[in-house]
Amino acid sequence: MLKTGTTITRRGLGAILAAGLLATGLAACGNSDTGSEGGDDGKIVLGFSQVGAESGWRTANTNSIKESAAAAGIELKFDDAQQKQENQIKAIRNFIQQKVDVIAFSPVVESGWDTVLKEAKDAKIPVILTDRAVDSADKSLYKTFIGSDFVKEGRLAGEWLVEQKKTATGPVNIVELQGTTGSAPANDRKKGFAEAIAANPNLKVVASQSGDFTRAGGKQVMEQFLKANPKIDVLFAHNDDMGLGALEAITAAGKVPGKDITIITIDAVKDGMQALADGKFNFIAECSPLLGDQLMELVKKVKAGETVPARVETQETTFTQEQAKAALPTRKY
Ligand code: AHR
C-alpha cells in the first residue's frame, strides 16, 4: 500500500502494477502441486463441468452445486457442456491449464474419458465423478463417485409394475423412453427395469428409444410410439421431463394419461410430482439432484489428501400418487 504523500514515477507505477497483476494471476492459478490450499486467500478452487440444462433435475443439480460451493467458501469455476462430450473434455483441459485444486464433473456418457482423466492425474489434480459414472477400467483416474444407484431406480420402477400387473392375464405392452444414449442412467435404468420384469412373460417392452432426457425428445418419440403401436399399456420414461413431454403426445392422441396408459418415471422433480399428484403419472422412483453439500465435503477432503470412500450413494425413495400429494408442499426442487 502506498503511503499518503509518496511520490511515484510513471515507470515506478508500471512496475508496481505489473507486480500486482502477477500476484493476482498466481492467486487465480491456485497451488495444486503442493497439496496446500489453492489461491493466496486460502480458497479451494473447484472446476465443475456440468452435463447441460436438459431437465428439471439438471437445473436443480446445478443450483445445488452453486449454492453449496458458495456456502462452503469454495471458488467454483462452472462450465455447461450442453450435452456434448467434446465440450466436457475441453472444459476439463481448461481446468487443468488453470491449475484448479479439484475437478468434478458429471460425465454425459460413460465411455471415452481415459485420456483426459490421465492428463488430470499427471497434473496431480484430483477428480471427483458426480451423478454419472465412467466405464474406465483404471479406477485410479478418479478419487470417488457421488450419486445414485441407477440400476436400482430402474429395478424399483419395474418391481412396482410387476406388482400392479400381477393379475393381468393378457399381454401388457410397454414402451420405454430411454435417456441420453450411452449415458450411465440410460444404460443402468434400462438394465434394472428389464431385470425386474424378466420373470413375468406378460410384460413386454414393444418399443424402446432415446428421448435424450428432454421434454421435446419425450414428446417426439412418444408420438412415433403411438403411431407405430396400436396398443400401448405402459410408458416407462427414464426421467420426469420425457414423461411430461410424452403427456402432450398421449393427450393429443385422445388417450388419458395415467388411466389408458400407466406412466412410470424417474427423478421426482416438482413438475413430475405434480403430474403424479394429478393422476397423470402413476409412479416415480426418486433420483436426488441435491448433491452439492456432499460434493463440497468430498472436495475439501480430497484436497486435504484424506481418504474418501470409493462410492458415496444418495439416499432415495419412491412415490405413489398419494405419497406425491403428501410430499409436494415441502418439495424443495
Ligand atoms: O443423470 C441423472 C439424470 O440426468 C436425471 O435423471 C435426468 O433427469 C437428467 O437429465
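Numbering of ligands and ligand atoms starts at 1, following listing order. Since the structure is predicted, the reported quantities are computational estimates derived from the model, not experimental observations.
Every atom of ligand 1 with a heavy atom of R132 under 4.0 Å away is listed here by number and element: 1 (O), 3 (C), 4 (O), 9 (C), 10 (O). Which parts of ligand 1 touch N239 is read off a 4.0 Å heavy-atom cut-off, strictly below it: atoms 7 (C), 8 (O). Every atom of ligand 1 is numbered from 1 in the order shown, and the set under 4.0 Å from a heavy atom of S55 is 7 (C), 8 (O), 9 (C), 10 (O). For ligand 1, the atoms sitting less than 4.0 Å from at least one non-hydrogen atom of D131 are 1 (O), 2 (C), numbered in the order shown with element in parentheses. Atoms of ligand 1 lying under 4.0 Å from at least one heavy atom of P185, given by number and element, are 1 (O). Interface of E54 with ligand 1, defined as ligand atoms under 4.0 Å from a residue heavy atom, comprises 4 (O), 9 (C), 10 (O).
Stacking of R93 on the aromatic ring of F95 is not recorded, the 6.0 Å distance cut-off and the 45° axial limit not both being met.
At least one heavy atom of R189 sits less than 4.0 Å from an atom of ligand 1.
If you run side chain to side chain contact (heavy atoms under 4.5 Å, CB included) between V302 and each of T307, I125, V102, only V102 comes through.
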Stepwise side chain to side chain donor-acceptor pair (under 3.5 Å) test for Q164 and T262: CA-CA 10 Å; Q164 296 303 303; T262 299; over 6 Å; no
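Classified by interplanar angle (parallel below 30°, tilted 30° to 60°, perpendicular above 60°), the ring pair F213/H238 is tilted.
The pair D131-R58 meets the salt-bridge criterion, with a side-chain N (NZ, NE, NH1 or NH2) lying under 4.0 Å from an Asp/Glu carboxylate O. Salt bridge status for K77 with D79: absent, with no side-chain N to carboxylate O gap under 4.0 Å.
Among all non-hydrogen protein atoms, the one lying nearest atom 6 (O) of ligand 1 is D267 OD1, 2.6 Å.
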